[in-house]
Number of protein chains: 2
Amino acid sequence: MNEEAEHWITRYVDAYLIVTRQISARIKERIAEGLTTDQFLILRLIKAQEQCTSTYLAESVCVGKSSITAIINRLDEAGMIERTRDENDRRLVYLSLSEQGEEVYQLAEKQVKDVISPYLLHFEEEDIEKFITMFEKLAFLMQETGGRTE
Amino acid sequence: MNEEAEHWITRYVDAYLIVTRQISARIKERIAEGLTTDQFLILRLIKAQEQCTSTYLAESVCVGKSSITAIINRLDEAGMIERTRDENDRRLVYLSLSEQGEEVYQLAEKQVKDVISPYLLHFEEEDIEKFITMFEKLAFLMQETGGRTE
DNA sequence: TGAAACAGTTCTACACATGAACTATTTGTC
DNA sequence: GACAAATAGTTCATGTGTAGAACTGTTTCA
């Protein structure tokens, strides 16, 4: 690893620390009404995925299945999601948003967008597009290799 | 907020979720020997800051002071840091890495770099520079405004 | 001098993560 | 067809991180 790479990583970690912490703090302030940031992200994944399972969520967020069970239990107790067993393979439990979960999620999503969007004004459209495209490529690489950096 | 902005935010959150989770999972695998990711970041901040205080850390990571006390207590019990009271203003406690803390930190930092650097190979140097510069600008904006998006 | 401000800690309660052990199913193989 | 192995999900115990209120000790300043 050359010095340039080291320097980039230091700068990336510096910026990353600030950006993620600040965004997460702002979002927390806004969606405090009964939804944590993690719960928001889980609802988001459930909503996006047809026939979403615990195993899928665990892999998506790089976490053990037992952690997902805990989160899902809390969302279930709060009446935000529904669990449906697959009739053909009764090991599988499909997760979906309840009506109430849908409402809460919609509100939270709006607030997340309200938090982030003002910052976009400080950038050129072209730069934003390029930035996000690179971020997506990085995400793709990480997801594809699953950590195996061949 | 226009539709383009909404779309950008959706894409950003999608990529963000994957990148942060994957990086954090990879780092966790590597520095499992007695350091959590948060502890690593705290050590990093202490190291970078001359006369680092709890209040500074709390503000840096957007968290209550009591959370910092908890983290610092654990690092202290593990013999990784030292607390020194200011002689002139005895309310202040300065934090610094112990010899052992320094060693553990150095090792962890190397491993973080080993985790991230392979991904850099997939990008043009020019693009990396631009990406990080934008990320830094975003970090700067967030830190400056402290959430007040005037 | 006394009230207010400040730095840090303690306490309680909760969310999240982990890994091992467990239940209930399904799959694959002899 | 029976039975071991694999799979999906849950439970449990333990540790970490976060929040907020109440608290101690110290400094500032009116």
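This structure is a prediction, so every number in the text was calculated from the model and none was measured. Every chain is numbered from 1 and lettered A, B, ... according to where its sequence line falls, protein lines coming before strand lines.
- Rounded to whole angstrom, the span from the CG atom of A/L41 across to the C1' atom of C/dC16 amounts to 13 Å.
- At the heavy-atom level, B/S67 lies under 4.0 Å from base atoms of the strands shown.
- Where A/E87 and A/Q39 meet DNA chain C, the nucleotide closest to each residue was compared, and A/Q39 sits on the side nearer the 5' end.
- Here A/E59 does not pair with B/R21 in a salt bridge; the nearest charged N to carboxylate O distance is not below 4.0 Å.
- Contact annotation for B/I71: backbone-only contact, meaning every heavy-atom pair under 4.0 Å involves sugar-phosphate atoms and none involves a base.
- Note: CG (B/D89) to C1' (D/dT27) measures 6 Å, nearest angstrom.
- Nearest to the side-chain atoms of A/R91 among the listed nucleotides C/dT9, C/dT27, D/dT18 stands C/dT27.
- Across all strands, A/D86 comes closer than 4.0 Å to no nucleic acid atom at all (heavy-atom distances).
- Applying the 4.0 Å criterion to OP1 and OP2 of D/dT18, one finds that B/R74 has every side-chain N and O outside that range.
- Residue A/A70 is out of contact with every strand shown, counting any heavy-atom pair closer than 4.0 Å.
- For B/K137, the NZ atom is densely surrounded, since the number of other residues' heavy atoms within 6.0 Å is greater than 12.
- OP1 or OP2 of D/dG15 has not a single side-chain nitrogen or oxygen of B/T36 nearer than 4.0 Å.
- With contacts defined as side-chain heavy-atom distances shorter than 4.5 Å, the pair A/E136/A/F140 does not qualify.
- Taking atom CD1 of residue B/I68 and atom C1' of nucleotide D/dG20, one finds them 15 Å apart after rounding to whole Å.
- Under 4.0 angstrom from either OP1 or OP2 of C/dA20 there lies no side-chain N or O belonging to A/S66.
- The A/T55 side chain lies nearest to D/dG9 when the options are C/dT9, D/dG9, D/dT18.
- Residue contacts shown for A/R83 are limited to sugar-phosphate atoms, with no base heavy atom under 4.0 Å away.
- The CG atom of B/D38 sits 12 Å away from the C1' atom of C/dA17 (whole-angstrom rounding).
- Rounded to whole Å, the distance from CG on B/N73 to C1' on C/dT12 is 16 Å.
- Rounded to whole Å, the distance from NZ on A/K65 to P on C/dA20 is 14 Å.
- When each of A/L92 and B/V63 is assigned the nucleotide of DNA chain D with its nearest heavy atom, A/L92 is the one assigned upstream, toward the 5' end.
- A parallel orientation is assigned to the rings of B/F131 and A/F131, their planes being inclined by less than 30° (bins at 30° and 60°).
- Comment: A/R44 engages B/D14 in a salt bridge, judged by a side-chain N to carboxylate O separation of less than 4.0 angstrom.
- Here the rule is side-chain contact (heavy atoms from CB on, under 4.5 Å) with A/L95, and of A/L57, A/L43, A/T84 only A/L57 fits it.
- When the side-chain nitrogen and oxygen atoms of A/R85 are compared with OP1 and OP2 of D/dG9, none of them lie within a distance under 4.0 Å.
- Atom OH of A/Y94 and atom C1' of D/dA8 are 11 Å apart (whole Å).
- Taking atom CD1 of A/I72 as the reference point, atom C1' of C/dA17 lies 15 Å away to the nearest angstrom.
- Within 4.0 Å of B/T69, counting heavy atoms only, lies at least one base atom of the nucleic acid.
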